[in-house]
Protein chains: 2
Amino acid sequence: MLRQPQKQIANREKNISRIKEAAEYVFAEHGYSGASFSLIAKQAKLPKSNIIYYFTNKETLYRAVVEDIFDIWRSAADSIKKDNDPSTAIAEYIDTKLEMARNRPFGSKVWANEVIQGAPIVQDYMEDELHRWTNDRMVVIQHWIDSGKLRATSARHLLYLIWAGTQHYADFQHQIETLNDNHPLTDEQWQETKYFLKDIILRGICVE
Amino acid sequence: MLRQPQKQIANREKNISRIKEAAEYVFAEHGYSGASFSLIAKQAKLPKSNIIYYFTNKETLYRAVVEDIFDIWRSAADSIKKDNDPSTAIAEYIDTKLEMARNRPFGSKVWANEVIQGAPIVQDYMEDELHRWTNDRMVVIQHWIDSGKLRATSARHLLYLIWAGTQHYADFQHQIETLNDNHPLTDEQWQETKYFLKDIILRGICVE
DNA sequence: GGTTTAACTGATTAAGTAGTCAGAAAACAT
DNA sequence: ATGTTTTCTGACTACTTAATCAGTTAAACC
């Protein structure tokens, strides 16, 4: 049995993902300015210097976190494809996005925070990646509309409504829990949420 | 003609609202931690010490800003009353909220920021005022449903969807403008937004 | 006009911040 | 084993921050 000669590499990967996870949480809870290296270090249970060793500075760490988020977020829209059935595809998209809101709320919060503040760090990302990605999806939706599979509405605003409606449950999680008498949503309540959003949105866009 | 003996009072009010306006902007653009007295002072064109003179500390100023926002936000729902026609009332609510998103985006952003970070400063406000306010509106909507004027859907999630769908245009303003080729929305585009949201949501909740 | 009171402000302080760096420790190579 | 490279870290620095406060200016009162 060969000894693995890469103890370093394995350790490096472990540490990096551990730091990113901690950073995602701290950036979400405190915003960019409020997130200090010492808070992130405490969360990751690693010395502050070690974090700087891996990521050089705060902005680099932040960008790494945001890029991870964006990749996941992007892959959630895999179902929005020309040849898929619109209702099924959009229902699937809503389901997936709500599951992400439930399971990975911190990423969503970091993104929201960044955009609210005018994307000072990831403006280039928005102009390139997000812009292209959004246009691609809009083309698909417009195709569905043009071929009579969807009611004639705005593809752009439909996307925005799906984003807003789903991400709300991540970004405003705290508000929702407060209004739910300080309890997290139960499985049943998440089911209800999924059902509600699909019900309203699909009813709004399907040809009658 | 009597001389006004209240030069001081007038000046005080002027300064306070000037400071709050500047603070709302800076808190929205930089978050709670990122908003420093010196930034707010620069924005308000007043010395830093003067701001502290009026508001004692950062948290007090912040709370003043949030309370102002909340009051305005609350009054937008005046139309949600038992005796009003549901479709008209909800259409009016959506219109009003979208106008607020357009004209007062900073307040919305401050609120969003605060909630995303778990409402560290205004938790009590959420538990008292917002909770009561939301329950009141939900009772009205439930009444409409029970009396057959609306389809049987979730009053709670309907409110959330309206909030999410409208506030998105304030909170994510920067993203929306970036996706709009770096142009602010035109009058026409705002019209289109209003139309879209009312179209989808009303279609989703009206009895067929 | 002179006194009291409120409004205001520049200088200062104590605490926290991002980032540097010299050197220790571990992993790897031979 | 020895040397080399990479990983790691505590101590430090230069800077920013919220908040204090002593002292100044302006308004209100009589």
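To find a chain, count down the sequence lines: A is the first, B the second, and so on, and within it residues start at 1.
The interatomic distance linking B:N11 (CG) with C:dT5 (C1') rounds to 16 Å, in whole Å. For the pair B:K48 NZ and C:dG10 P, the computed distance is 11 Å after rounding to whole Å. When the P atom of C:dT17 is taken as reference, atom OH of A:Y32 falls 14 Å away, rounded to whole Å. Across the protein-nucleic acid pair, B:K58 atom NZ and D:dT17 atom P stand 9 Å apart, rounded to whole Å. Rounded to whole Å, the distance from CD on A:Q8 to P on D:dT4 is 17 Å. Here C:dG19 presents its P atom at 5 Å from CG of A:N57, a figure rounded to the nearest Å. One atom, NZ of B:K42, and another, C1' of D:dT16, lie 15 Å apart when rounded to the nearest Å. Following rounding to the nearest Å, B:F55 (CZ) and D:dT20 (C1') show an atom-to-atom distance of 19 Å.
Between B:W111 and B:W163, a ring centre-to-centre spacing not shorter than 6.0 Å is recorded.
The closest side-chain heavy-atom distance from A:N113 to A:F27 is not below 4.5 Å.
Not one N or O on the side chain of B:D171 forms a donor-acceptor pair closer than 3.5 Å with the backbone of A:I116.
B:A35 comes within contact range of the sugar-phosphate backbone alone, with a heavy-atom separation under 4.0 Å but no base atom that close.
Ranking C:dA18, C:dC8, D:dC8 by closeness to the A:Y54 side chain, first place goes to D:dC8. For B:F37, the listed nucleotide lying nearest its side chain is D:dA19; candidates were D:dA19, C:dT17, C:dG19. Distance from the side chain of A:N15 is smallest for D:dC8 among the nucleotides D:dG10, C:dA18, D:dC8. Relative to the side chain of B:R12, the nucleotides D:dT6, C:dT9, C:dA7 differ in distance, and C:dA7 lies closest. Minimum atom distance to the side chain of B:S38 is reached by D:dT17, of the listed C:dC28, D:dT17, D:dT9.
For D:dC8, the OP1/OP2 oxygens have no side-chain nitrogen or oxygen of A:Y53 closer than 4.0 Å. A sub-4.0 Å separation between OP1 or OP2 of C:dG10 and a side-chain N or O of B:S49 is absent.
Distance check, rounded to the nearest 0.5 Å: NZ of A:K58 to CD1 of A:I40 gives 7.0 Å.
Nearest-nucleotide mapping onto DNA chain D: of A:N50 and B:I52, the residue sitting toward the 5' end is A:N50.
Between B:D68 and B:R104, none of the side-chain N atoms (NZ, or NE/NH1/NH2) sits under 4.0 Å from a carboxylate O, so this pair counts as no salt bridge.
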